[in-house]
Each structure stands twice: as C-alpha cells, then as structure tokens.
Protein chains: 2
Amino acid sequence: MAEPMYRQIAEDLRLKIESGELPRGSQLATEIELREQYSASRNTVRDAIKWLTTLGLVETRPGQGTFVIEKINPYVTTLTGDASSGGGDETVYIAEVAASHRESEISDPRVEILRADRVVASNLRIDQGAQVVSRHQQRLIDGTPWSLQTSYYPMTLVRAGATRLLEATSIDGGATAYLAESCDIHQAGYRDTIAVRAPDENEAWFFKLAADGRVSVFDIFRVAFDKQGNRIRLTVTVYPCDRNRLRVDVGEVPPRGAPGTSSVPGPDE
Amino acid sequence: MAEPMYRQIAEDLRLKIESGELPRGSQLATEIELREQYSASRNTVRDAIKWLTTLGLVETRPGQGTFVIEKINPYVTTLTGDASSGGGDETVYIAEVAASHRESEISDPRVEILRADRVVASNLRIDQGAQVVSRHQQRLIDGTPWSLQTSYYPMTLVRAGATRLLEATSIDGGATAYLAESCDIHQAGYRDTIAVRAPDENEAWFFKLAADGRVSVFDIFRVAFDKQGNRIRLTVTVYPCDRNRLRVDVGEVPPRGAPGTSSVPGPDE
DNA sequence: GGGTATTTGTCCGTATGTATT
DNA sequence: AAATACATACGGACAAATACC
C-alpha cells in the first residue's frame, strides 16, 4: 500500500480526464457515487477531489457537482515594445487587444497621493516615505476581468509640471507622451521583473478566482528610465496566470500574422 | 457565522504570520495545541493549516511540525539578450550565473531523435510526426535544481551539416554559433512565450517540490528565427516559480550594477 | 415565491499509519 | 525503542448552495 487510497482514486480519475473519457467541462460522478465506485468513505473521495483541485484539473461547485476544468484560450500580452513610447501605460494595450478582435475596457484611474512604502521606494530609488502619485486602473476584455494595474510616479514629476498626473481621467496619448511634453522627461527604456504569487483577497474577488490560492497571478514590476538612467515610473500589473500568456520578442521576429490561432496546450502562435 | 471556523483560524494565524509574531521559518503550535487554543477539533485545525498551505504561507513536515515558509532570495533570469548570439542555449546562462557569484552546473544533454508531437510541430511549423532532434538538460545552481530545458531542432538542420547536434555533449560556444558555422544558419531573433502551470511528476521530483500542485512552474517556449523568418529551434525551459524571477529589458536600461541586492518581497533590483 | 431534492461544504470524534527525533 | 507530530481513513450530522418543480 505504497500509495494512499485517495491518491489512487485521484490518479484513476486523472487518467480518465487525460484520456478524454471525462471530457473538459463534463461533470464527475457525485461524491456518493464515487464512494460506492471506489468502496471508500465520502471523506476519502473528497480528499481525492481536493488533490485534483490543487492540480488544476477539476473544480467543485457547491450544490452542483464536480467538473473537469475547461482550458481557456489565453490572452497574450507582449512585454517588449517601443521603449520610447508607451511601455505600460494606458494606450499601448488597447491597440493590441483590438487587433485580436476583442473589446477592451479600462476604468478611470483611481488617483491617490501617498507615501512610498519599502517596495515602491526601492524600485524608484527614492526615500521611503517620500510622496508619490499612484494611478490605479482595472482592465477588462470582453467583459471579463483581465488585469489590475497601478503606476507610481515620484511627486517631483508633478512639481516639474506634469500636473495632469493628479487628474482622475485617462491621459490621452499615454502618460509617457504626456511626461515628454509637460516636463521634458523622455522615457528611454524599461525593465520588467516577473514574479508569480497567490492572489490577495481583492485580486481573487476582482478576477473571480477561487478564494484559496489555486490559481496564481503574474506580478509584473515595470520600472521606466529616462536617458540619464533616472527612474521615472514604477508600474505594477497583475494578471491571473490561468488566462494569460506573456510574450517577449527579441531581435528580428516575423510579424504576428497568420491566423493559425492556437487552441491551447503548448504556447504556440 | 459568516466565515467557517477553519477560515477564521487560518485568518488568525495568517495575521500572526504577517505581523511577524510568527517569524519566517518558525514552527507553529502542534495540531493538538491549536485544537485547544481554538476549541476546535483536530480536523478543523488541519483544514485551517491546509488552507494556509495552498496560500503558500506554511508547510507541514511529517514528524516535525508546521512551519512558516521562508522567503527565498530568487534567481533572476534575463530573457532579453543579444538576438544573434545564444538566446537560450548552453552558454548564455553560465555567464549570468557566474556574475552573481553562484556556481552553475549543467548536465550533459540527453539527446533523442523523435517525431514531433502537436506542440513541437506547430511551434516549429513542421509536420506533425516529422523527425526532430531533442536535447534535454538539467541545470543546477549551487547544487540546487534550477531548470529543466529541452531544445528541439528540425532534422533538416542535421542533414544540412549540423551533425554535432546528435552528440550527447555540450556544444562549446553554444549551439547557435555552431549552427552558423556548420550550415550557415544565422539566428536573427527569438520569441518567448511564458505560461504558468502545475509541475508534472518528474518536475516535482527534480525540483523537490511538494507532489501536489502548490508551487507552480514557469513554462517558457522560445522559438528562434533566422533572417528569413524560418523557425530553427524550439527551446522549452521550466523553472519553479517560487525561486525564480524573469527579467525583460527594453530600450536603454542602466547596467545591473549596484550591489543593493534585494531581500525579497517586491521585485526590486 | 416557496418547497424540496440534490450536491458539496463544514465540523466532529475516533482509530491507525508513517515519518522524525 | 519510545515519544512526538503529521497523514490517512472511516462514519456521522448538519449547513449552505443550487436546481427544479
């Protein structure tokens, strides 16, 4: 009895899922039925199902049953782009989304002035407690929540003339272009750092993720630099991992072209 | 009684962890002690602990106890680089690792000739079932497992002269340079697609991850192109998300410099 | 809207197995 | 070998969510 019973049951169900005997989206037998099929207690069956749940293979819906998870056709976000234009503000993503025939919505930003915490301060190379402007937005595609984004600008930019950063409306043409014209600060490049973690409560709610940490989120820190290497912005974007892919293009890469669109498993085109 | 009891217990413990009352790495009270503290049954306490486990906050060790997870100082892998050089073969990473004073080991490749499955075929734009060379390697840093990598080359490259692709030894100077000299195929760029998923059994074993899917892995597909836009290689690299960060540099970005190395929480320098 | 059947969720108690010290 | 602590497995009772009539 090397393998505990609940794992054997889980393994048996897993094989049935991956062989196609239990198709994506289909309903499993109820816990009572499985209890009889496997001659186990209901709790043991539940342990097997919980195991499959953390593997991301099934989900349970109270009052309904247990279902095989459907693969999602993921959104693809390209991180590389024109360094001197957008690179993480409002305009860039719109075009990309429109190009794939999906409709994007962006909330008006929630603008706050606050003191830099440890993370913001170290990324912007300013003193902890120094004032920053925070602009927070929610993004939806085709009505489903897609990302949460917060940009932090040093308050010194506002004093240098970029007063519209304080307005709670999207900045037409993008914040990067606005910084160039309002206070002659030109973005020269940016650096993304990608981490993965469990969503917090707010994120789980907004993205409609299970409250436990089964589905994790991408946590992308984008620090933008001007030509002198000063850090002019930190943008933190959060995406649910289950319905997103990230793309990085380096060197000469053929255009996105060819509608040989992928159905899911391997990151394809 | 809006919140079930096990969630209340979990929340209480979570607050104690995040407030520092239970420091990273410290041991929680045993299940029996918690049962008395919270006047709940041992099973309910276990449900609370299981909840914290899926959130990635604690881990249980049979025979020892339950411990607060320690944050790991992550390895950072930069995906952007010189498009015409390495970009995903053996040499590139070595330098990067050495630069951060860590010692890297790379296994000799396991070389196989096999037929392209659906994923490999669609990424290389060849027919499913066509022959490809697969070169698989394990990478370690400071003795701890770091990544699993498999590169797929169309068999046509071997016929065009790149016969050393079939040898089960690392290719000095990198496979990309070798392709250039052996059959005049020059890499012009590459495209990475980043996904996150639960590890499979082999990956969980190699990376010493819990067998359930709590810690997920980065799944990075790198397709390399020559100047004509032909796809010359697919490299699939898998990293555990808990101890890795990905880096993307675009445009002018200051050098990595300054040893103000981060201790963990926010992706910093 | 209400009522009922179905299905999963929570909680308890108990016994025994297995890993570690 | 013994003690400790988590893991597995069982059975039972009731709650909560959902679907259907």
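What you see is a predicted model; the values in this text were computed from it and never measured. Here is how names work: the chains are called A, B, and so on, in the same order as the sequence lines, proteins then strands, and each is numbered from 1.
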Do any N or O atoms from the side chain of [X] and from the backbone of [Y] form a donor-acceptor pair under 3.5 angstrom?
| X | Y | result |
| --- | --- | --- |
| A:Asn244 | A:Pro240 | yes |
| A:Arg191 | A:Phe221 | no |
| A:Glu31 | A:Arg46 | no |
| A:Gln137 | A:Ser170 | no |
| B:Arg7 | B:Trp51 | no |
| A:Glu36 | A:Glu33 | no |
| B:Arg24 | B:Ile69 | yes |

B:Thr44: partners by side chain to side chain contact (heavy atoms under 4.5 Å, CB included), with sequence neighbours left out: B:Met5, B:Tyr6, B:Ile9, B:Ala40, B:Ser41
With sequence neighbours left out, what residues match A:Glu201 under side chain to side chain contact (heavy atoms under 4.5 Å, CB included)? none
Whole-Å distance separating the [atom1] atom of [X] from the [atom2] atom of [N]:
| X | N | atom1 | atom2 | result |
| --- | --- | --- | --- | --- |
| A:Leu28 | C:dT6 | CG | C1' | 16 Å |
| A:Tyr6 | C:dG17 | OH | C1' | 13 Å |
| B:Asp212 | D:dC6 | CG | C1' | 15 Å |
| B:Glu31 | C:dG13 | CD | C1' | 15 Å |
| B:Phe67 | D:dA5 | CZ | P | 11 Å |
| B:Tyr38 | C:dT10 | OH | C1' | 18 Å |
| B:Arg46 | D:dA9 | CZ | P | 12 Å |
| B:Glu33 | D:dA5 | CD | P | 7 Å |

Under 6.0 Å from the CZ atom of B:Arg115, do we count more than 12 heavy atoms belonging to anything else shown? no
For nucleotides 10-14 of chain D, which of its nitrogen or oxygen atoms have a protein nitrogen or oxygen under 3.5 Å away, and what is each distance?
| residue | atom | partner | partner atom | Å |
| --- | --- | --- | --- | --- |
| D:dC10 | OP2 | A:Ser41 | N | 3.0 |
| D:dC10 | OP2 | A:Ser41 | OG | 3.4 |
| D:dC10 | OP2 | A:Thr44 | OG1 | 2.3 |
| D:dG11 | N7 | A:Asn43 | ND2 | 3.4 |
| D:dG11 | O6 | A:Asn43 | ND2 | 2.5 |

Could you check whether [Y] and [X], counting side-chain N and O atoms only, form a donor-acceptor pair closer than 3.5 Å?
| X | Y | answer |
| --- | --- | --- |
| A:Asn123 | A:Tyr152 | no |
| A:Gln149 | A:Thr237 | yes |
| A:Thr144 | A:Tyr75 | yes |

Under 3.5 Å, which protein N or O atoms sit close to an N or O of nucleotides 18-21 of chain D? Give each pair with its distance.
| residue | atom | partner | partner atom | Å |
| --- | --- | --- | --- | --- |
| D:dT18 | O3' | A:Gln64 | NE2 | 3.4 |

Using a strict heavy-atom distance below 4.0 Å, which residues from residues 48-60 of chain B are in contact with DNA chain D? B:Thr60
Side-chain N or O of B:Thr66 versus OP1/OP2 of D:dC6: is the shortest distance under 4.0 Å? yes
Aromatic rings B:Phe218 and A:Phe218: how do their planes relate, parallel, tilted or perpendicular, breaks at 30° and 60°?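 B:Phe218 and A:Phe218: parallel rings.
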For the helix from C:dG2-D:dC21 to C:dT21-D:dA2, figure out the bend between the end axes, five pairs an end, and round to 10 degrees.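 Axis angle across the helix from C:dG2-D:dC21 to C:dT21-D:dA2, nearest 10°: 20°.
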